Amino acid sequence: MIRIYNTLTQQKEEFRPIEPGKVRMYVCGMTVYDYCHLGHARVLVAFDVITRYLRHRGFEVNYVRNITDIDDKILRRADENGEPYNELTDRMIKAMHEDEARLGVLSPDEEPRATAYIDEIIAMIHKLIASGHAYAADNGDVYFAVDSFEEYGKLSKKKLEDLLAGARVDVQEAKRSPADFALWKAAKAGEVSWPSPWGDGRPGWHIECSAMSTCCLGDTFDIHGGGPDLLFPHHENEIAQSECATGHTFVNTWMHAGAIRVNKEKMSKSLGNFFTIREIMEKYPAEVVRYFLVSSHYRSQVDYSEENLAEAGRTLTRLYHALRGIVPAKAADVPEAEHDERFAEAMDDDFNTAGAIAVLHAVANEINQHRRDGREEDAKHSAAILVRLGGVLGLLQQDPEAFFQADTGGELSAEDIEAMIQARADARKAKNFAEADRIRDELLDKGIILDDSREGTTWRKA
RNA sequence: GGCGCGGUGGCAGAGUGGUUAUGCAGCGGACUGCAACUCCGUGUACGCCGGUUCGAUUCCGACCCGCGCCUCCA
């Protein structure tokens with residue numbers, strides 16, 4: 001039994017998909033006006049792990065993650081760059097796909113783009129106006145009337161009165177209530193726009209997700225996920241729009257990832273304290289970044305720091321060391337056993353990846369013990385388990401040598417290193433240990449660590 | 001001010017009403033020409049104060065501290 005923390009009910013619940021064995025999941029993706037930062041990576045990786053695990057447990061998962069490719073920030077950035085908005089978004093989408101691939105994030109099953117759903121969005125707005133939940137204002141915008149939806153605030157636990165009392169809501173003449181939000185935005189002169197019954201314009205951010213999710217997954221689906229800062233107003237507004245338009249419950253389980261912090265502050269665009277994942281991946285292998293993200297629970301806040309990334313690197317190194325030089329047994333020959341059960345027990349509990357990783361370490365330890373005792377077959381058997389369970393987390397799927405020797409811009413080629421290892425081996429044979437140590441130190445100085453074993457010497461990047 | 005989350009050993013990070021998390025770092029030992037890797041061993045951990053209980057880090061209450069959302073942000 002899988003239990004998932006539902007933001008809506010604020011507790012862990014047994015997960016029962018609407019259609020047995022099938023999971024329909026929607027996650028809010030990127031607004032593509034800039035490179036992905038670590039916070040985006042966290043959401044991508046978290047829901048990637050969730051998808052992998054649900055599939056591992058036998059569910060058929062339809063994973064939809066949208067792309068917001070029209071928005072104020074996109075237009076502004078394109079304007080600053082002096083390029084058409086769609087060139088900017090195409091470039092950023094390509095970059096996002098590259099980043100994802102490097103992080104080991106599997107592609108979603110569908111990746112709808114807002115600009116491809118304008119008709120559906122307009123149709124939904126139509127319904128909302130017809131049913132009295134939205135109105136066209138004098139300025140050409142269309143707004144959702146928040147007070148027309150009794151349950152507004154049920155996700156974020158906010159009361160409308162409190163929202164109205166807060167001075168931070170946008171007070172605008174055209175709105176009937178300050179808490180109302182735009183479904184359709186009238187185009188300013190020269191802006192890209194689409195025709196609509198309310199004049200040329202473009203969709204508001206929230207309605208895009210309502211339209212894309214219900215079009216792809218139906219009026220009601222199982223899981224809706226996203227970053228922590230989307231809970232309000234974005235997800236709250238999605239519920240209001242969708243439930244008013246369809247008359248059905250929108251989503252059964254709401255999932256939100258925790259924030260990434262830098263020096264105790266949330267990493268965010270608005271604070272400007274963000275690190276893009278490509279700049280982080282220049283310093284650390286992509287899999288180390290992924291390990292760092294997966295090593296704590298998806299809902300917890302985690303601090304980004306060089307030290308934490310470095311530690312993740314050391315830890316992942318230990319895991320790959322266990323697999324080094326072993327050809328794992330065939331998966332079919334290794335039935336699920338105790339470790340698989342402990343792993344599943346952790347993951348069943350709201351995707352407790354930290355607990356699951358502890359199992360990975362236990363398996364690694366077992367492999368090392370088998371090797372110490374010369375039980376080659378047992379080691380291969382355990383290695384297969386480690387690769388299998390690692391795979392559910394999207395880890396440990398590389399050839400260990402590829403991980404250890406990943407090109408991170410060292411000055412020595414693999415051939416140079418092999419030649420020096422040979423020279424050192426010769427020196428050791430001749431009991432010229434001073435020379436052997438000199439070579440080892442020289443390599444270490446250049447970021448190469450040597451590991452001696454009975455089978456010979458291997459190397460890895462520090 | 002409203003709503004929500006959290007404070008675990010040097011650090012990171014799970015979890016539990018009574019019994020080992022795990023990893024990194026440290027220390028001791030084995031292995032090694034010496035190291036590295038690996039193995040074995042090793043640590044007065046649960047913010048503070050009350051309460052419930054035979055027993056609380058774990059439940060309840062108060063307090064202190066930190067964080068998030070309430071505006072675009074994953």
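Computed from heavy atoms alone, side chains included, the values below leave out hydrogens, waters and symmetry copies. In the text below, chain A, chain B and the rest are named by the order of the sequence lines, each starting its count at 1. Just so we're clear, the structure is a prediction, and the values are computed from it rather than from any experiment.
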Counting only side-chain nitrogens and oxygens, does N368(A) get under 4.0 Å of the OP1 or OP2 atom of rC39(B)? yes
So, using ring-ring contact (aromatic ring centres under 6.0 Å, His included) as the criterion, who are the partners of F232(A) when residues are at least two apart? none
Non-neighbouring partners of P228(A) that pass side chain to side chain contact (heavy atoms under 4.5 Å, CB included), sequence neighbours left out: A259(A)
Atom CZ of F232(A) to atom P of rG2(B): distance rounded to whole Å? 17 Å
For K158(A) and rG2(B), give me the distance from atom NZ to atom P, rounded to whole Å. 12 Å
Rounded to whole Å, please give me the gap between CD1 in I326(A) and P in rC37(B). 18 Å
Whole angstroms only, please: what is the NE2-C1' distance between H235(A) and rG4(B)? 15 Å
Which heavy atom in C216(A) sits nearest to a heavy atom in E110(A), and how many Å separate them? SG-OE1, 3.7 Å
Mind checking the C1' distance from rU58(B) to rU16(B)? Whole angstroms is fine. 6 Å
Which is true for I449(A) with a 4.0 Å heavy-atom rule: it touches a base, it touches only sugar-phosphate, or it touches nothing? sugar-phosphate
Any side-chain donor-acceptor pair under 3.5 Å between E376(A) and H381(A)? no
Would a distance-only check, ignoring hydrogens and angles, find a side-chain to backbone donor-acceptor pair under 3.5 Å from T31(A) to T68(A)? no
On RNA chain B, does the nearest nucleotide to Q301(A) precede the nearest nucleotide to P233(A) from the 5' side, or the other way round? Give the residue. Q301(A)
By ring-ring contact (aromatic ring centres under 6.0 Å, His included), Y85(A) pairs with (sequence neighbours left out) none
Please report, to 0.1 Å, the donor-acceptor pairs under 3.5 Å made by any side chain of residues 355-362 of chain A, with sequence neighbours excluded.
unit_1  : atom_1 : unit_2  : atom_2 : d
H361(A) : ND1    : R318(A) : NE     : 3.4
H361(A) : NE2    : Y291(A) : OH     : 3.3

Is there a side-chain contact between Q369(A) and the phosphate of rC40(B), meaning an N or O under 4.0 Å from OP1 or OP2? yes
Give a yes/no verdict on a cation-pi contact between R299(A) and Y5(A), requiring under 6.0 Å between NZ or CZ and the six-membered ring centre and an angle within 45° of the axis. yes
Check: Y298(A) ring centroid to H256(A) ring centroid under 6.0 Å: no
Just the rounded figure in Å: distance from P of rG4(B) to CD of Q10(A). 6 Å
Pairwise P distance for rG26(B) and rC48(B), with rounding to whole Å: 29 Å
Side chains of Q11(A) and T9(A): any donor to acceptor distance under 3.5 Å? no
Could you list, one pair per line, each protein nitrogen or oxygen that sits under 3.5 Å from a nitrogen or oxygen of nucleotides 30-35 of chain B, together with the distance?
unit_1  : atom_1 : unit_2  : atom_2 : d
rG33(B) : O6     : R428(A) : NE     : 3.1
rG33(B) : N1     : D437(A) : OD1    : 2.9
rG33(B) : N2     : D437(A) : OD1    : 3.4
rG33(B) : N2     : D437(A) : OD2    : 2.6
rC34(B) : O2     : R440(A) : NH2    : 2.6
rC34(B) : N3     : R440(A) : NH1    : 2.9
rC34(B) : N3     : R440(A) : NH2    : 3.3
rA35(B) : N6     : D452(A) : OD2    : 2.8
rA35(B) : N1     : D452(A) : OD2    : 3.0
rA35(B) : N3     : R440(A) : NH1    : 2.7

Value in whole Å for how far the P atom of rA74(B) lies from CE of M92(A): 13 Å
Is S300(A) close enough to rA14(B) that one of its side-chain N or O atoms is under 4.0 Å from OP1 or OP2 there? yes
Taking only heavy atoms on the protein side, list every residue of residues 71-79 of chain A lying under 4.0 Å from any atom of RNA chain B, sorted numerically. K73(A)
Listed by chain and number, what are the ring-ring contact (aromatic ring centres under 6.0 Å, His included) partners of F292(A), not counting sequence neighbours? none
Partner of Y53(A) under side chain to side chain contact (heavy atoms under 4.5 Å, CB included), picked from L393(A), V61(A), I2(A), is I2(A)
Applying salt bridge (charged side-chain N to carboxylate O under 4.0 Å, His left out) to E265(A) and not counting sequence neighbours gives none
I'd like to know whether S296(A) forms a side-chain contact (heavy atoms from CB on, under 4.5 Å) with V302(A), so could you lay out the CA-CA distance, the side-chain angles of the two residues, the decisive distance to 0.1 Å, and finally the verdict. CA-CA 8 Å; S296(A) 54; V302(A) 301; 2.8 Å; yes
Kindly state whether the ring of H37(A) and the ring of F275(A) have centres lying under 6.0 angstrom apart. no
Output yes when a side-chain donor or acceptor of D69(A) lies under 3.5 Å from a complementary backbone atom of T89(A), and no otherwise. no
Residues from residues 254-279 of chain A sitting under 4.0 Å of RNA chain B, heavy atoms only? G258(A), A259(A), I260(A), R261(A), K264(A), E265(A), K266(A), M267(A), S268(A), K269(A), S270(A)
Between H297(A) (NE2) and rG13(B) (C1'), how many Å, whole number? 12 Å
Excluding sequence neighbours, so at least two apart, what forms side chain to side chain contact (heavy atoms under 4.5 Å, CB included) with V288(A)? Y284(A), P285(A), L309(A), A312(A), L316(A), F403(A)
Between rA25(B) and rG9(B), how far apart are the C1' atoms? Round to whole Å, please. 13 Å
For nucleotides rG6(B) and rA14(B), find the distance between their P atoms and express it as a whole number of Å. 12 Å
Taking rG15(B) as the reference, what is the distance to rA21(B) when you measure between their P atoms (whole Å, please)? 14 Å
Rounded P spacing from rG41(B) to rA56(B) in Å: 31 Å
Quick one: CD1 on I223(A) to CE on M25(A), what's the gap to the nearest 0.5 Å? 6.0 Å
Whichever of K157(A) and S295(A) has the more 5' nearest nucleotide on RNA chain B, that residue is K157(A)
Gap in Å between the two C1' atoms, one belonging to rG13(B) and one to rC46(B), rounded: 13 Å
Taking both distances under 3.5 Å as the test for a Watson-Crick or G-U pair, what stems of at least three pairs does RNA chain B have? B:1-7 with B:64-70, B:10-12 with B:22-24, B:26-30 with B:38-42, B:49-51 with B:59-61
For rG15(B), take OP1 and OP2 only and decide whether either is under 4.0 Å from a side-chain N or O of N352(A). yes
Looking across every strand, which nucleic acid part, if any, lies under 4.0 Å from S156(A) by heavy atom: base, sugar-phosphate, or nothing? sugar-phosphate
Between protein and nucleotides 20-24 of chain B, what N or O pairs are separated by less than 3.5 Å?
unit_1  : atom_1 : unit_2  : atom_2 : d
rG23(B) : O2'    : T315(A) : OG1    : 2.6
rG23(B) : N2     : E311(A) : OE1    : 3.3
rG23(B) : N2     : E311(A) : OE2    : 2.7
rG23(B) : N3     : E311(A) : OE2    : 3.4
rC24(B) : O3'    : R314(A) : NE     : 3.3
rC24(B) : O2'    : R314(A) : NE     : 3.0
rC24(B) : O2'    : R314(A) : NH2    : 3.0

Separation of L319(A) atom CG from rC37(B) atom C1', in whole Å? 14 Å
